[in-house]
Amino acid sequence: MDTALAGHDSDVWRIAAVSTCGSGHLKLGTPCQDAHCWRSASAGIVAGAVADGAGSAPFSEIGARLAAAAAVDEICRRLGHPEADAPTFTDEGLREILDAAWRAGRSAIEEEAELREQPARSFAATLIAFAAAPGWVAVVQIGDGASLLHNCGGEIIPLTLPRIGEYINETTFLTSPEAEATLQCEIWRGEIAQFCAFTDGLQALALKLPEATPHPPFFRPLFKLIANASASEAEAEMESFLTSDRIRNRADDDLTLLLAHLL
């Protein structure tokens with residue numbers, strides 16, 4: 001598990017996040033190439049990220065870990081600054097913060113690549129980074145995976161979704177030349193109940209393909225879990241779920257799932 005905090009509530013959020021090694025990786029003896037990170041940015045605001053290292057990149061698990069941590073650090077630095085105030089939380093202000101977050105993730109990879117004298121593509125990873133507060137969620141995504149929320153009216157609302165291309169498993173990474181041109185950046189305002197982000201290993205189970213819309217029967221039990229269990233209990237249940245035969249028989253990739261519940 002790669003997370004800043006585990007089994008812990010923030011001031012107004014309950015967060016549970018799990019990264020598990022896929023059955024395909026276990027068979028090959030390769031490490032989990034997914035990563036996640038989250039922490040409280042300031043009172044009422046939480047920042048988080050999930051990342052998926054490219055299977056073809058030799059140091060992708062390092063890239064995923066560095067990118068997720070750097071993106072969260074940048075969001076916290078900007079939203080946790082004593083001078084941060086309401087103007088920062090305009091759509092324009094939030095987009096600037098998200099832009100800085102994904103760039104911080106890419107810079108962390110590039111710096112590590114330079115230190116190791118390796119090409120940056122050897123650390124290739126996707127990234128979904130977010131900030132959430134009562135009343136709004138801001139998300140940036142490069143590559144596949146998805147983020148969505150459950151509002152107080154019971155609707156499941158997609159925020160960012162994978163771009164379904166011509167080729168299976170084709171995606172964009174932070175280190176890709178087209179990263180900026182293909183990124184998704186979404187701001188949502190309203191009454192939030194739960195927020196969710198996950199890497200591409202869960203796409204076939206969590207989304208209706210090829211349209212890539214949320215599959216409610218997958219999410220509703222998870223939203224109920226994070227709403228009613230403690231963070232540590234929820235993480236234990238999530239890990240058991242993600243490593244179950246039911247899931248591994250249908251998904252052999254690494255899996256990362258992050259759930260946030262507004263208390």
Side-chain angles (χ1 to χ4, degrees), residues 1-3 6 13-25 32-38 46-55 60-61 64-65 67-68 71-72 105 125-132 137 139-150 156-164 169 171-173 184 186 188 192-209 211-226 231 234-235 237-244 246-248 250-261:
M1 182 179 295
D2 182 22
T3 181
W13 292 93
R14 176 178 299 131
I15 313 292
V18 174
S19 294
T20 65
C21 193
S23 57
H25 287 225
C32 178
Q33 295 169 326
D34 275 13
H36 66 272
C37 179
W38 75 269
V46 68
V50 300
D52 176 18
S60 64
E61 70 275 13
R65 184 175 69 251
V72 170
T126 65
L127 178 71
I128 301 173
F130 72 92
V137 176
V139 189
V140 65
Q141 175 168 327
I142 292 176
D144 46 23
S147 67
L148 51 87
L149 62 85
H150 187 215
I156 298 175
I157 300 171
L159 297 173
T160 59
L161 293 168
R163 299 182 185 277
I164 306 301
N169 297 327
T171 192
T172 303
F173 300 104
Q184 301 175 66
E186 296 295 331
W188 186 91
I192 303 163
Q194 289 92 27
F195 171 83
C196 175
F198 57 92
T199 54
D200 78 314
L202 285 171
Q203 283 175 190
L205 299 171
L207 302 176
K208 298 177 182 177
L209 300 175
E211 60 269 29
T213 56
H215 184 51
F218 178 85
F219 291 104
R220 296 201 186 280
L222 293 171
F223 292 145
K224 184 177 180 180
L225 171 67
I226 192 64
E235 285 188 350
E237 288 288 334
M238 288 160 59
E239 185 160 11
S240 178
F241 171 62
L242 294 179
T243 57
S244 67
R246 170 190 171 194
I247 298 300
R248 284 188 164 165
R250 298 181 62 188
D252 65 355
D253 198 2
D254 296 335
L255 307 172
T256 293
L257 177 63
L258 183 149
L259 298 173
H261 171 69

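Model, not experiment: these values are computed from the prediction.
- In plain terms, the two heavy atoms of Leu202 and Leu242 that are nearest each other are CD2-CD2, 3.9 Å.
- Residue Ile15 comes nearest to Glu235 through the heavy atom pair O-OE2, 4.3 Å, listed as atom of the first residue, atom of the second, then distance.
- Gln141 is linked by a side-chain hydrogen bond (donor to acceptor under 3.5 Å, both in side chains) to Thr160, counting only residues two or more places apart in sequence or in another chain.
- Judged by distance alone, the side chain of Arg246 and the main-chain N or O of Phe241 form no donor-acceptor pair under 3.5 Å.
- Between the side chain of Glu61 and the backbone N or O of Gly53, no donor-acceptor pair lies under 3.5 Å.
- Considering every non-hydrogen atom in both Cys21 and Cys32, the closest pair reads SG-N, 3.9 Å.
- Taking 4.5 Å as the limit, every side-chain heavy atom of Thr171 sits out of range of all side-chain heavy atoms of Asp200.
- At least one side-chain heavy atom of Pro216 sits under 4.5 Å from a side-chain heavy atom of Lys208.
- The shortest distance between side-chain heavy atoms of Leu205 and His215 does not fall below 4.5 Å.
- Here the CD atom belonging to Gln203 is positioned 9.5 Å from the CG atom belonging to Asp253, to the nearest 0.5 angstrom.
- Looking at residues two or more places apart in sequence or on another chain, you find no ring pair (Phe, Tyr, Trp, His ring centres under 6.0 Å) involving His261.
- A tilted orientation is assigned to the rings of Phe198 and Phe219, their planes being inclined by 30° to 60°.
- The closest side-chain heavy-atom distance from Pro162 to Leu207 is below 4.5 Å.
- Here the OG-CD distance, from Ser19 to Gln33, works out to 12.0 Å after rounding to the nearest 0.5 Å.
- A 4.5 Å side-chain heavy-atom check between Ile128 and Val50 finds at least one atom pair inside the cut-off.
- For the residue pair Ala234 and Leu225, the shortest heavy atom distance occurs at O-CD2, 3.8 Å.
- In this structure Thr199 satisfies the side-chain hydrogen bond (donor to acceptor under 3.5 Å, both in side chains) test together with Asp34, sequence neighbours excluded.
- Atom CZ of Arg248 is separated from atom CG of Leu255 by 7.5 Å, given to the nearest 0.5 angstrom.
- Each of Ile247, Asp254, Thr243, Thr256 was compared with Thr20 under the side chain to side chain contact (heavy atoms under 4.5 Å, CB included) criterion, and only Thr243 meets it.
- In terms of modelled atom types and a separation under 3.5 Å, the side chain of Gln194 and the main chain of Ala260 share no donor-acceptor contact.
- Taking every heavy atom of both residues into account, Leu161 and Ala146 meet most closely at CD2-CB, 4.1 Å.
- You'll find the side chain of Val46 stays beyond 4.5 Å of the side chain of Phe195, heavy atoms only.
- One distance of note links CD1 of Ile157 with NE2 of His150; it measures 9.0 Å at 0.5 Å rounding.
- Scanning all heavy atoms of the two residues, the minimum distance from Ala231 to Ala16 falls at O-CB, 4.0 Å.
- Distance check: Glu186 CD to Ser147 OG gives 8.0 Å after rounding to the nearest 0.5 Å.
- The line from OG1 of Thr126 to CG of Asp52 is 4.5 Å long, rounded to the nearest 0.5 Å.
- Considering only heavy atoms from C-beta on, Leu257 comes within 4.5 Å of Cys196 through its side chain.
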Q) Stepwise, does the side-chain contact (heavy atoms from CB on, under 4.5 Å) test hold for Phe130 with Leu159? A) CA-CA 11 Å; Phe130 72 92; Leu159 297 173; over 6 Å; no

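- Judged by distance alone, with hydrogens and angles left aside, the side-chain atoms of Ser60 form a donor-acceptor pair with the main-chain N or O of Ala54 at under 3.5 Å.
- For the pair Arg220 and Ile156, the minimum side-chain heavy-atom distance is below 4.5 Å.
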